[in-house]
Protein chains: 4
Amino acid sequence: MQGERTIVGPVSTKLLLVECSDRAGLVHAITGILLRHGCNVTSNHEFVDAETRRFFMRTEFTGEVNDAAVEAETKEKLPPDAAVRLCAMTPRRVVVLASREHHCVADLLVRHEFGELNARLLAVISNHSRLGKLVERFELPFHLIPHDGLSRQEHEGRLLEALKRHNPDYVVLAKYMRVLTPEFVREFPRRIINIHHSFLPAFMGAKPYQQAFRRGVKVIGATAHFVTDELDEGPIIVQEVLPVDHTHSPQDMAQAGRDVEKIVLARALKLVFEERVFLSGNRTVIFD
Amino acid sequence: MQGERTIVGPVSTKLLLVECSDRAGLVHAITGILLRHGCNVTSNHEFVDAETRRFFMRTEFTGEVNDAAVEAETKEKLPPDAAVRLCAMTPRRVVVLASREHHCVADLLVRHEFGELNARLLAVISNHSRLGKLVERFELPFHLIPHDGLSRQEHEGRLLEALKRHNPDYVVLAKYMRVLTPEFVREFPRRIINIHHSFLPAFMGAKPYQQAFRRGVKVIGATAHFVTDELDEGPIIVQEVLPVDHTHSPQDMAQAGRDVEKIVLARALKLVFEERVFLSGNRTVIFD
Amino acid sequence: MQGERTIVGPVSTKLLLVECSDRAGLVHAITGILLRHGCNVTSNHEFVDAETRRFFMRTEFTGEVNDAAVEAETKEKLPPDAAVRLCAMTPRRVVVLASREHHCVADLLVRHEFGELNARLLAVISNHSRLGKLVERFELPFHLIPHDGLSRQEHEGRLLEALKRHNPDYVVLAKYMRVLTPEFVREFPRRIINIHHSFLPAFMGAKPYQQAFRRGVKVIGATAHFVTDELDEGPIIVQEVLPVDHTHSPQDMAQAGRDVEKIVLARALKLVFEERVFLSGNRTVIFD
Amino acid sequence: MQGERTIVGPVSTKLLLVECSDRAGLVHAITGILLRHGCNVTSNHEFVDAETRRFFMRTEFTGEVNDAAVEAETKEKLPPDAAVRLCAMTPRRVVVLASREHHCVADLLVRHEFGELNARLLAVISNHSRLGKLVERFELPFHLIPHDGLSRQEHEGRLLEALKRHNPDYVVLAKYMRVLTPEFVREFPRRIINIHHSFLPAFMGAKPYQQAFRRGVKVIGATAHFVTDELDEGPIIVQEVLPVDHTHSPQDMAQAGRDVEKIVLARALKLVFEERVFLSGNRTVIFD
C-alpha cells in the first residue's frame, strides 16, 4: 500500500524559507536571486510582524538549481541576522510518543498509511503497552518504555536513546501524558509538537474535562502547539472547538475532546511538515 | 413600528417551570395536573442532573386555566424543595447597562425595534455619554450616571435608584465595564446577564485582546453568563468563537471579539427571556 | 482489545421508542405505565411535529421488567397508528459497504476497535480490492464483490446474499460509489445510512469537488442521510461544513471533504445506533 | 459621531492592485518599481491561479509618490493584458438597495455609524416604505421608489437615476428582493454585491426557508456574492452557516438565516471595500 501514497507536490518541489529583521527591498532581492537561477516560483508568502519588525517568507519553486549556491547567495544579500533554509518538499521523518489514549495515534496511523501527511512515521514510543497492538496492525515499530521504577532522568534517557536511533525531524506528542524536562525539550528545539486537551489558556492543569464540566462550559476545544520549556505555554499552531451542552457528562465531553483533538493535531502536523509554520517570539506565523 | 412586532408564540401561551429533587413519577404527576385542567401542552422538556439528582422541567401550554390553582396543585404534588412558577410568555421588562462600546447595545436596540427579542427595553443606563445619541435615535430613555468623583457605593446607589424606577425583570450588562459589588448583585439574584470578552475561563483579567494577541491564539471567543458574587465565575449561558490568525492585530482581534460578543449576547438573552435557562449549581440547563 | 470496550450506558439500560398521532395525555399515559412497572426513567425526550401533529418519544430506563408486557400495554393505551418498540441498548449489528476510498472505513474501524460506536462491525463488503488490507489489519471479514461483467441485478444479488448472511441491523454506505436500486433499498427500510459528498442539496451529481471548485465555494460540507428510493433525497441526519478558500485546489477540497465526511458519518451512526433518530416524513427528529 | 470614526490604516496608505497572465519575475519587477519610488511596503499578497495561469497581487504601501507615474511604470513592465490600479485606502462610496427586511440594513447602518466599514453610506433606496423610519433614525437619505404600476424597465430607470445622482463606487443589495436585468447589472460591472438567502448553490429559488424546512436540513447558510447577468451565479465572496435542528420551524430557520446573513454581508463588504477581492473567472481570490 506504500506504493499508492500520494506525493505532496511534484517530487522536484523545493522550499526557500527565510526570516530576518525587516528592511525595504527584501522581496525584490530574494525573488531576483531565484529569477537569476532560473527557478519557477509556484507559491510565495511573506509577512512582516508589525510589532517586532521581523520579516518571514516561504517560497515554493521548481527547477534544477544548485541548492547550496542559492542558499548562500540569499544569505549574503540579507541582513546578518537572517535565517535561510532551502530544502526539498520530502516527507518529514517523525516519531510519535503516546501513552494510553488511542484516538490521535490511530488517526495518524491511518493518514500515514494513505499518504495524507507529508511524513514518514518511523515508530511509536509509549510508556504503556495499550497501543502496541494497534501500532503493530499497521506494521510499524512500537517501543514500550515504561516509566515505573525509573527516575524522570532515567526514563527520559531511555526515550532519548530510542528517539535518536530513528533520527527524526519532528517528535509528536500524541497524548503523551508525562511532562518533559527542559533538558529533553532542548534536544529538539522547535521540533516537538503537542496536542493539548483544551482551548489554551483555559484548563491548563489535570482532569480538564472534569474541570470543564464543573465550570459548565458550552464549547470544548483543543490546541496543537510547539513544546517549549514552559509547560502548556509554547506557540500555538491550531485551535478549534466543538459545542457541548448540559446533557454532556464529563465522559461525553471527553469524547468530544477526542474528536476535536485528532483533527487539530492532524491539521497542525500537515502545516508543520509542509514547513508552513514560522515562529515569531511565542506566536506562530502560518502560511496556508 | 411597535405595532409590527412579531409575538413569540400566541398571546395565550403559558409556561410551567419546575425544579426539585428527582424522584420517580414526576413527569407523570405534572402532566396529569395539566391534563385535568384541560391544558394543551405544545412543548415539554425535562432533564435530570445525573450528579445532583435534581429535576428540571419546562412546559409550554395553551388553554384558559386558573394559573394560581395549577401552580398550587403542582406545588402540592411535588417534593417540598420544589420551585414552581407559572407565567405567561409575555415580553420581559429589561434595562441595559453599558459603558462606551456600542456594538452590543446597538444590536439589542435593532432587535428590540423589530421584535426579535421577547423583551421590552425600558432604558439604557451608562457611566459614559458616548452611546447617548445612538439610544436616542431609537427613542428610548438614556440615563447618564457618571462614576467620576463618586465612591463605588454612591455610584451603585444611583444606579439602583434608576434601575428600580423601571422595575425590570432582567438587567443586561452590555459591555458595562465596571465591577459590581456583591451587594448590588444580590438585589437582582439570577437576573443579571453579562457578556464577557473572552472564551471563559481564559483571559479573565483586563486587556483581553492584548493578552490573546500575546499568547498567539487562533480563536477568539465570547461568553454570556449570569452574574454572581464571584467575578467572571457565574453560570455560562452561551459561548461561541471565531477563528483568527497571525495577520490579526490586537485591533482586528477586538473587532472579531465585537462580532462574536453581540451574537452571543443576543442568543443568551433570547433563551433567558423565553425562560429556557435553569440554574443547576454553577451550571445552566438550557431547553432550546 | 474487545474486552476493553466501553459500554454505552449500564448493561441493563432499555429504550422505549414511541411514535403516533398526537393527542392530549400521551406523556402522562406512557410515564404512568413505566411507573407502574417499576421502571426508573433516566432520560426522556418528546417532540410533536407542529405540521403533521405527529408525536415522538424516546425513554431510557433501567429496571427488571417484562419487556413484552410493557410494550403491549403501551400499545394498548396509545392511538391505533402507534409504533412502539422496546429494546435493549445493546451494540447494533452493522455491515459496511465501501468502494475505493479509505477515510470513512478507517475511521469506523478505529472507533469500533475502541468501543466508540454502539455497534458490532460484522464485515466490510466492497466492489474494489483496495481496502482489503486495511480491513484485515483489524481482523474483520472483507468480502470482495466486484461488479465488472455483472448486471446491476446480478451484482446486487450477490451483495444481498453476503449481507443477509450477517443479518445486520444497519447497513452503512461508507463511500460506496454505486447507486442502489429501489428493490435493494426496500430490503432494509430505514436501515441504510449513507455519507454524501456535499452539503445536500447542493452538488448532487458526480465530481462534486470539481463542481465546488468551479463554483468557487467558500465552504465544503458533508451530509449523512438515510437512503430511500430517491437518490440523495433521503432524510438528513447530520450536516457539517469546513471553510475553504481560493488557495484550495480541487484536490485540497477533496481532502477537506474527507475530513468532514468521516466526522459527519461517525456522528450520524452514533445517533442512529443509540436509537436517537426518528423519521417524520422526509425529515429526522433527533433526540441528542 | 462622525468625528470618532476609526480610520482603516493611516490616511496615507495606498494600494497597488495588479492582475495579468503569469510569467517569471512579476513580483521582482513590481517590488523593484515600488522600491525605486521609495515606497514602504507594509503588506503584500500574491496568488497564481494554477488553472488559468493568471497572476494577482495586492500591495499596501505608504510614502509620498507620484501615483500616476508608479501606475504607468508598472503597466509598462507587465504583460500587455495587465490591469493595474493604484488607489488610496479611502472610504468607498456606497448606496444600499433594500426591500422590507431590516436586519442587513440595520447592521450596516450601525457599523457605518461607528466606522467599522471602510465605507461612506450615501443613501438607502427601497421599493417599500418599511425601512424608512430606521434609515432616518441614522440621518441618512431614504429614497422610496415603489415598483407598483411600473414596468421593470421604468422601475430600473428610476433606480438608476437615483443611484447615479450619488455616484457610488459600490451598490449593495441588502435583501433587495427584485431580480435586476442584465442591462442594469452592466451599469455597475463587478460593483454590485448581493446577500443570498442560502448556502448557494442550494435552494436557489423562492421561499428558501420553507424549502430548507421541507428538506430537513441541519445547517442554514448565507452567501455574499457579486451580481452578474446570471441570477445567483456570480462569484462567491463569503459563505457561512449556522446549525439548526428538527425543533426549528420555518420561522426559526428564517431567524437563523437573518443572523447569518447580516454577518456574512458585513464580512464580504469589509473585504471588498478594502480592495481585497479579485475576480478570477467566476471565482474570487481573496487576500485577507
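Small disclaimer: the values here were computed from a predicted structure and weren't measured. Each chain gets a letter, A, B and so on, in the order its sequence line appears, and its residues count up from 1.
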**Q** Apply side-chain contact (heavy atoms from CB on, under 4.5 Å) to the pair D/R214 and C/E51, showing each step before the final yes or no.
**A** CA-CA 11 Å; D/R214 292 250 168 268; C/E51 202 184 36; 2.7 Å; yes
**Q** What are the two closest heavy atoms between D/R215 and C/R283, and how far apart are they?
**A**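 That closest heavy-atom pairing would be C-CG, 4.3 Å.
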**Q** Heavy-atom cut-off 4.5 Å, strictly under: side chain, backbone, both or neither for C/S249 against chain D?
**A** neither
**Q** Please examine the side chains of D/I236 and C/V217, heavy atoms only from C-beta on, and report whether any two atoms are closer than 4.5 Å.
**A** yes
**Q** For a side chain to side chain contact (heavy atoms under 4.5 Å, CB included) with C/K218, tell me which candidate from D/T284, D/V264, D/T223, D/V238 qualifies.
**A**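 By the side chain to side chain contact (heavy atoms under 4.5 Å, CB included) criterion, C/K218 pairs with just one of D/T284, D/V264, D/T223, D/V238: D/T284.
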**Q** First locate atom CD1 of D/I286, then atom CG of C/D245, and finally report the distance between them rounded to the nearest 0.5 Å.
**A** 8.0 Å
**Q** Tell me, for C/N282 versus chain D, whether the close heavy atoms (under 4.5 Å) come from the side chain, the backbone, both or neither.
**A**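 Both the backbone and the side chain of C/N282 come within 4.5 Å of chain D.
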**Q** Assess whether side-chain contact (heavy atoms from CB on, under 4.5 Å) is satisfied between D/F56 and C/H246, documenting all intermediate values.
**A** CA-CA 12 Å; D/F56 301 88; C/H246 66 273; over 6 Å; no
